[in-house]
Amino acid sequence: MAPVLRSYVNGGWHRPAEEGRPLHDAVTGAEVARISSAGIDFAAALDHGRRVGGPALRGLTFHQRAALLKALGQHLREHRDRLYAVSAQTGATLGDSKFDVDGGIGVLLAYASKGRRELPNDTFYVDGAVEPLGRGGTFVGQHICTPLRGVAVQINAFNFPVWGPLEKLAPAFLAGVPSLIKPASPTAFLTAELVELIVESGLLPEGSLQFVAGGTGDLLDHLTEQDLVSFTGSASTATKLRTHPTVVQRAVRFTAEADSLNLSVLGPDAAPGSPEFDLFVKGLVAEMTVKAGQKCTAIRRAFVPERHVDAVVEAVSARLARTTIGNPASEGVRMGALASLEQREEVRRSVKALADAGRIVFGDPEKVDVVDADAERGAFVSPILLVADPDRAEPHEVEAFGPVSTVMPYRDTAHVIELSARGQGSLAGSVVSADPAFVREVVLGAAPWHGRLLVLNEKDAKESTGHGSPLPALVHGGPGRAGGGEEMGGIRGVLHHMQRTAVQADPDTLTAITGRWVPGSQRTVTDVHPFRKHLEELRVGDTVIAGPRRVTQEDVEHFAEFTGDTFYAHMDAEAAAANPLFGERVAHGYLVVSLAAGLFVDPDPGPVLANFGVDNLRFLTPVKFGDELTVTLTCKQLTPRDTAAYGEVRWDADVTRQDGESVARYDVLTLVAKKEG
């Protein structure tokens, strides 16, 4: 009898109290493991995550969590051959395994990078601008995001046993929320190997990751309003989980990625022989055969102009005929097995329903030639291409979760947009065309039913990651039938695990809460110029006031000659007088910014290493000849970098004229050395 998978809960490995049910090698049919969650105290596991994992993560800054994600990604990359070996037992070819394993590792590294670049070196996130709530400036508002104090329960599908868990873990971990991973049983032995590698690394704080092999038991009964559930799987199971009494009563944050009849549209311009026609055919075959079509983003509905249907069928069939199916360990095999015999039977039932609405033009769901394997003991199935009437309901309702796609003709742009909506919500779609007008109309028409749309043509084909590849920087989810949720999505995925709270206060109090200087709050003008202070010595609110500096006609004309900016409003008195915004010649906005820099910059070498940008620059009032400018520069935000001898400092710059009115406002971004660098 094969070994029983262990769970990792409550700070240690748990062996189930029963033998469990068998899990099989998808290629040979041999028993590779057994699975059961018997004996797990789910209430205690959730409590362990909240009580131990949560505080440990919240004690770290975003940058520290990002560093751990990077280290974990590097650790897994060093041991990915171990994952590839186990992945072969799920029916995956080496290419499929790399798609799953390397894709998951890539998500960790992408979130590590975004965490360092886009999030503060702090434990909470300030969201958006300060909102003035009163005329006098003494009452303002600000949104902040703080980590939820619960556990992110992550229930994954069988098709991506590595990528699936890691794409959920990464944003939750970066947000400061511990995860409890529950994989689908058929391929749970690969996720178990992944978790063993993670635990062996010793990189993650205790309680930040738990793993359940087997059923969920009474897990959902113990959820609170601070917990989250993220689910990938069938729409029927998503509905069952979403309507669980505890999820409903406690308003548990729930997101789902479910069934999806994803489409690909061949544009009318993409005739046989064109680059776009070939890209469409190649992409459709790839989506049918990679992971044996077991991808939530795979193309299920291929919409083709009526006049090109026969050509598409012929080209796709020719490519499929060259696809070798069999044991992934054998040389030349391009497509492996489905995840289980049960999955094969489910695909066959779905193909029968689709065939009743059309005809099979390639493949036989009951027969397939395989290399170095037993076609009956292994979960093998032939790629199946169908052609169907787009007005039949079945192609828009039945998903065969395997190497199956249906070609359907469309008449015109309005027709294909209408057909796109019949899927009732999809994760991904693609439009293959070099006609911008057609693409624009289809994208805007189909977008409400799609989470992601790829526009593919000869220009972007070399860099395109393809129709079915979710990217951590973009949302992964879709409306309606696709589940209505979003996973990943860059910082959006992180904020999903945090509570957004509106804070109303006076400026000084808001500055104290957020650690960021707020207009209207206290400034501190010190004897030492702020540019003479190292990062550790600077304080939010430190200010330098410099000026005044009179702006002359000679200044404007010299700037125009030096830069080549001879725009009429600066140089032509008659034309400027006719301008309703100015009425006379005015100074260049960038001259104003340059003069302001000349006023506040300390010229001698010191801790300020570089100015690396200006944000939110606005020119508010024209500056005329004779106006006198004063600049007030205030330390707004300090962001240390843990791995560098310097940090980032954001300064509020307010340039005013002699009557006190602001003429320009912006943020200056500098790199400032640490004293103990």
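- Residues that satisfy the side chain to side chain contact (heavy atoms under 4.5 Å, CB included) test with Val608, not counting sequence neighbours, are Phe531, Thr670, Val672.
- Every side-chain hydrogen bond (donor to acceptor under 3.5 Å, both in side chains) that Gln154 has, sequence neighbours left out, goes to Ser179.
- Contact of the Arg523 side chain with the Ile545 side chain is not registered, since no non-hydrogen atoms from C-beta on lie closer than 4.5 Å.
- A distance of 11.5 Å separates CZ in Arg452 from OG in Ser426, rounded to the nearest 0.5 Å.
- With no hydrogens or angles considered, no side-chain donor-acceptor pair links His143 and Glu131 at under 3.5 Å.
- Here the side chains of Gln553 and Arg585 are in contact, with some heavy-atom distance below 4.5 Å.
- Within a 6.0 Å radius of CZ in Phe562, no more than 12 heavy atoms belonging to other residues, nucleotides or ligands are found.
- Partners of His222 according to the side-chain hydrogen bond (donor to acceptor under 3.5 Å, both in side chains) rule, which considers only residues two or more places apart in sequence or in another chain, are Asp218.
- Annotation: Arg618, atom CZ; neighbour count of heavy atoms from other residues, nucleotides and ligands within 6.0 Å does not exceed 12.
- Residues Leu169 and Leu166 form a side-chain contact, since some pair of their non-hydrogen atoms from C-beta on lies under 4.5 Å apart.
- Remark: Ser521 OG to Asp506 CG distance equals 9.0 Å, nearest 0.5 Å.
- At least one side-chain heavy atom of Pro171 sits less than 4.5 Å from a side-chain heavy atom of Tyr111.
- Side chains of Leu57 and Pro205 form a contact here, defined as non-hydrogen atoms less than 4.5 Å apart.
- In summary, the side chains of Thr632 and Asp654 do not present any donor paired with an acceptor at a separation below 3.5 Å, with no hydrogens or angles considered.
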(request) Walk me through it: do Asn121 and Thr639 pass the test side chain to side chain donor-acceptor pair (under 3.5 Å)? (result) CA-CA 6 Å; Asn121 196 8; Thr639 304; over 6 Å; no
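- Residues Leu599 and Thr630 have side chains not in contact (no heavy-atom distance under 4.5 Å, counting atoms from C-beta outward).
- Annotation for Glu574: atom CD does not count as buried by contact number, only 12 or fewer foreign heavy atoms lying within 6.0 Å.
- Under 3.5 Å, the side chains of Thr543 and Thr634 contain a donor-acceptor pair of N or O atoms.
- Rounding to the nearest 0.5 Å gives a distance of 8.5 Å between CE of Met498 and CG of Leu174.
- In this structure Cys296 satisfies the side chain to side chain contact (heavy atoms under 4.5 Å, CB included) test together with Glu257, Leu427, His476, sequence neighbours excluded.
- Within the 4.5 Å cutoff, no side-chain heavy atoms of Leu223 are placed close to those of Arg250.
- For Arg51, the CZ atom counts as densely surrounded, since its 6.0 Å shell holds more than 12 non-hydrogen atoms of other residues, nucleotides or ligands.
- In Glu561, the CD atom is not crowded: 12 or fewer heavy atoms of neighbouring residues, nucleotides or ligands sit closer than 6.0 Å.
- Residues forming a side-chain hydrogen bond (donor to acceptor under 3.5 Å, both in side chains) with Thr524 (at least two apart in sequence, or on another chain): none.
- With sequence neighbours excluded, the residues forming a side chain to side chain contact (heavy atoms under 4.5 Å, CB included) with Arg58 are Pro55, Pro147, Arg149, listed by chain and number.
- With hydrogens and angles disregarded, a donor-acceptor distance shorter than 3.5 Å links the side chain of Asn457 to the backbone of Asp460.
- Within the structure, side-chain hydrogen bond (donor to acceptor under 3.5 Å, both in side chains) pairs that include any residue of residues 589-611 comprise Arg532-Asp602 (at least two apart or interchain).
- A heavy-atom distance below 4.5 Å is not found between the side chains of Glu225 and Gln499.
- In this structure, the side chain of Arg539 engages the main chain of Glu536 through a donor-acceptor pair within 3.5 Å.
- Applying the side chain to side chain contact (heavy atoms under 4.5 Å, CB included) test to Arg135 and every residue at least two apart in sequence or in another chain returns nothing.
- Considering CG of Leu638 and CZ of Arg650, their distance stands at 11.5 Å, rounded to 0.5 Å.
- Legend: residues meeting side-chain hydrogen bond (donor to acceptor under 3.5 Å, both in side chains) with Thr224, ordered by chain and number and at least two apart, are Asp227.
- Not a single donor-acceptor pair under 3.5 Å links the side chain of Asp542 to the backbone N or O of Cys635.
- Here the CD atom belonging to Gln504 is positioned 6.0 Å from the CG atom belonging to Leu133, to the nearest 0.5 angstrom.
- Note on residues 53-76: pairs passing ring-ring contact (aromatic ring centres under 6.0 Å, His included), not counting sequence neighbours, are His75-His79.
- Sorted by first then second residue, the salt bridge (charged side-chain N to carboxylate O under 4.0 Å, His left out) pairs that include residues 632-641, not counting sequence neighbours, are Lys636-Asp667, Arg641-Glu648.
- A salt bridge is defined here as a Lys NZ or Arg NE, NH1 or NH2 lying under 4.0 Å from an Asp or Glu carboxylate O, and Asp555 with Arg550 fails to meet this definition.
- Salt-bridge formation is not detected for the pair Glu486/Arg492: no Lys NZ or Arg NE/NH1/NH2 atom is positioned less than 4.0 Å from an Asp or Glu carboxylate oxygen.
- Pairs of residues two or more places apart, or lying in two chains, that qualify as side-chain hydrogen bond (donor to acceptor under 3.5 Å, both in side chains) and include a residue from residues 462-475 are Ser430-His467.
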